[in-house]
> 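Have a look at this one.
All figures in this text were calculated on a predicted structure; none of them were measured in a lab. Just follow the structure's listing: the first ligand is 1, and inside any ligand the first atom is 1.
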Amino acid sequence: MSNSKKLFLRAKKVIPSGINSPVRFYDPYPFFVKKADGSVIWDVDGNKYIDFCNGYGALLLGHRRKEILSAVLAQLKNGTLYCAPTDIEVELSELIVRNYPSMEKVRLVNTGSEATMTAIRLARGFTKKKKIIKFEGCYHGAHDSVLVKAGSGAAHNGISISEGGLDEVSKNTLVVQYNNSQELDSVLEKQKDVAGVIIEPVLANMGLVLPEKRFLDDVRKITKDHDVPLIFDEVVTGFRMSLGGAQKYYSIKPDITTLGKALGNGFVIAAVGGKNEIMDMLSPQGKVYQASTYAGNPVSVAAAIASIKTITKNKSNLYPKLELSCTILARAIKDLATDLRIPHQINFISSMFQIFFTDRPVKDYTTAKKSDAKKFKKLFAALLKNKIFVAPSQFETVFLSSAHTTDDLHKTIEAYEKSLRAVKT
Ligand SMILES: Cc1ncc(COP(=O)(O)O)c(C=O)c1O
């Protein structure tokens with residue numbers, strides 16, 4: 001019996017489903033990780049995989065990036081948690097604000113879920129209104145207001161509204177179709193009690209779904225016209241699509257922004273920021289409450305500063321190289337699937353891509369759901385056999401990191417070729 005299987009049998013006895021976050025499970029059991037470095041990850045049975053899960057997008061600079069490790073090791077010598085302010089929190093917040101001009105102030109939190117929960121509470125506190133609008137298939141974390149027609153693991157496991165969540169909460173979440181700004185406009189025309197509109201500017205939790213031309217501009221204009229705060233959830237796209245995130249990439253200024261993942265390149269940190277008048281609503285100055293023991297912990301802050309500085313130093317090379325590698329991979333996979341006559345779509349942008357097994361363009365939740373999930377499951381299993389690790393769900397995205405080498409790309413294309421043949425059978 002493999003070491004992973006032995007561990008899974010032990011895990012199932014003490015951890016629900018044997019895993020600590022739903023998408024980590026796949027049939028018959030997931031591999032258990034021994035270690036990771038750069039672009040690769042090893043399991044407890046000695047198998048080595050090229051990692052394209054990349055911490056679900058967090059590891060923009062790959063595993064164990066040396067600048068980040070040095071900053072963290074230096075911080076460890078001075079302590080891990082003070083629960084009192086530090087100079088490095090100020091430095092990090094200045095770095096964030098400099099790169100995201102829509103944020104005049106920023107508060108550090110721990111996870112993306114905490115950031116979006118705070119963003120929504122801020123929008124409600126600021127407007128004194130109740131309802132929020134989200135887009136079908138967008139995932140904003142595991143809390144009640146946003147676990148309505150959410151993507152990611154919720155879509156993967158067929159959970160439209162989570163049991164245990166309150167109807168009183170979910171009925172205040174209105175859902176509109178992604179890439180349909182007209183629907184947003186007409187909902188805002190009818191509903192006068194909307195506190196905020198939250199969106200993933202690039203939908204990376206339904207596979208990968210791109211905003212159509214003008215969609216984000218229209219969303220910005222419509223929310224402005226209706227005087228409703230626009231929240232850009234940049235937990236995935238922040239620092240990944242550019243140093244200034246998707247808002248810089250598309251030149252759009254939201255009212256509130258959430259960051260996470262690549263902000264800490266593998267360390268636990270997230271942030272929520274926006275205009276002064278909104279952010280100053282936060283307690284103790286304001287009456288919108290938000291708090292955390294671990295917020296701004298110096299280890300994660302040191303990692304985030306090192307991440308941003310490393311990205312900044314290398315940005316003229318880093319982003320074009322990531323974009324080129326992603327384009328090469330996506331085009332090669334497209335050609336392979338076309339040659340094999342497998343109906344498919346490939347969506348890609350920046351350092352993210354995903355294949356869907358459908359002959360129709362994928363532009364929202366409905367079209368993404370039409371993709372043949374059984375084929376994706378086969379693809380995932382075959383890729384794993386060929387030592388490529390992507391997230392085990394159609395409704396996740398393949399993420400590149402700056403640690404991927406040309407050799408990794410060649411091996412990945414070869415593995416996709418073998419794996420697509422397996423999908424065909
Ligand atoms: C766009 C987006 N927002 C929020 C979250 C929640 O972040 P976390 O898992 O750190 O709570 C995620 C997680 O995948 C995400 O993709």
> Going by the order shown, which atoms of ligand 1 are within less than 4.0 Å of some heavy atom of Thr111?
10 (O), 11 (O)
> Which heavy-atom pair separates Gly238 from Leu259 by the least distance, and what is that distance?
CA-CD2, 3.8 Å
> Taking atom 10 (O) of ligand 1 as the point of reference, which of Gly112, Ser21, Gly260 owns the nearest heavy atom?
Gly112
> Would you please indicate if the ring centroids of Tyr139 and Phe395 are separated by under 6.0 Å?
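No: the rings miss the under 6.0 Å criterion.
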> Does the residue Lys261 have a heavy-atom contact with ligand 1, meaning some pair of atoms that are separated by less than 4.0 Å?
yes
> Taking distance alone, with N or O pairs closer than 3.5 Å, would you say Ser113 contacts ligand 1?
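Min N/O separation from ligand 1 is below 3.5 Å for Ser113.
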> With a 4.5 Å heavy-atom cut-off, do Asp185 and His226 have their side chains touching?
yes
> For Gly141, take its heavy atoms, then give the atoms of ligand 1 lying under 4.0 Å from any of them.
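It comes down to these atoms of ligand 1: 4 (C), 5 (C), 6 (C).
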> I'd like to know whether NZ of Lys309 has more than 12 heavy-atom contacts from other residues, nucleotides or ligands below 6.0 angstrom.
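Open: at most 12 neighbouring heavy atoms sit under 6.0 Å from NZ of Lys309.
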> Do we see a donor-acceptor contact under 3.5 Å between the side chains of Glu189 and Ser186?
no
> Within ligand 1, which atoms have a heavy atom of Val235 less than 4.0 Å away?
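Answer, ordered by atom number: 2 (C), 3 (N), 4 (C), 5 (C), 12 (C), 15 (C).
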> Taking 4.0 angstrom as the limit and counting only heavy atoms of Glu200, give me the atoms of ligand 1 inside it, by number and element.
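Reading through ligand 1 atom by atom, the close ones are 1 (C).
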> Counting only nitrogen or oxygen atoms and a 3.5 angstrom limit, does Thr116 reach ligand 1?
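No, there is no polar N/O contact under 3.5 Å.
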> Heavy-atom contacts under 4.0 Å between His140 and ligand 1: side chain, backbone, both, or neither?
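It is the backbone that touches ligand 1; the side chain stays farther off.
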> May I ask you to list the atoms of ligand 1 that are less than 4.0 angstrom from any heavy atom of Val236?
16 (O)
> For atom 3 (N) of ligand 1, what is the closest protein heavy atom, and at what distance to 0.1 Å?
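Protein heavy atom with the smallest distance to atom 3 (N) of ligand 1: Asp233 OD2, 2.6 Å.
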> Counting non-hydrogen protein atoms only, what is the nearest one to atom 2 (C) of ligand 1? Give residue, atom name and distance.
Tyr139 O, 3.2 Å
> Please work out whether the ring planes of Tyr49 and Phe31 are parallel, tilted or perpendicular, with thresholds of 30° and 60°.
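Answer is parallel, since the angle falls under 30°.
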> Using 30° and 60° as the class limits, which term best fits the ring planes of His404 and Phe52: parallel, tilted or perpendicular?
parallel
> So, do Tyr100 and Phe232 have ring centers that fall under 6.0 Å from each other?
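Aromatic pair excluded; centres sit 6.0 Å or further apart.
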> Please confirm whether Tyr56 approaches ligand 1 to less than 4.0 Å, judged on its heavy atoms.
no
> State whether a side-chain donor-acceptor pair under 3.5 Å links Ser292 with Asn110.
yes
> Is there a polar contact between ligand 1 and Asn205, counting only N or O atoms under 3.5 Å apart?
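So ligand 1 has an N or O lying under 3.5 Å from an N or O of Asn205.
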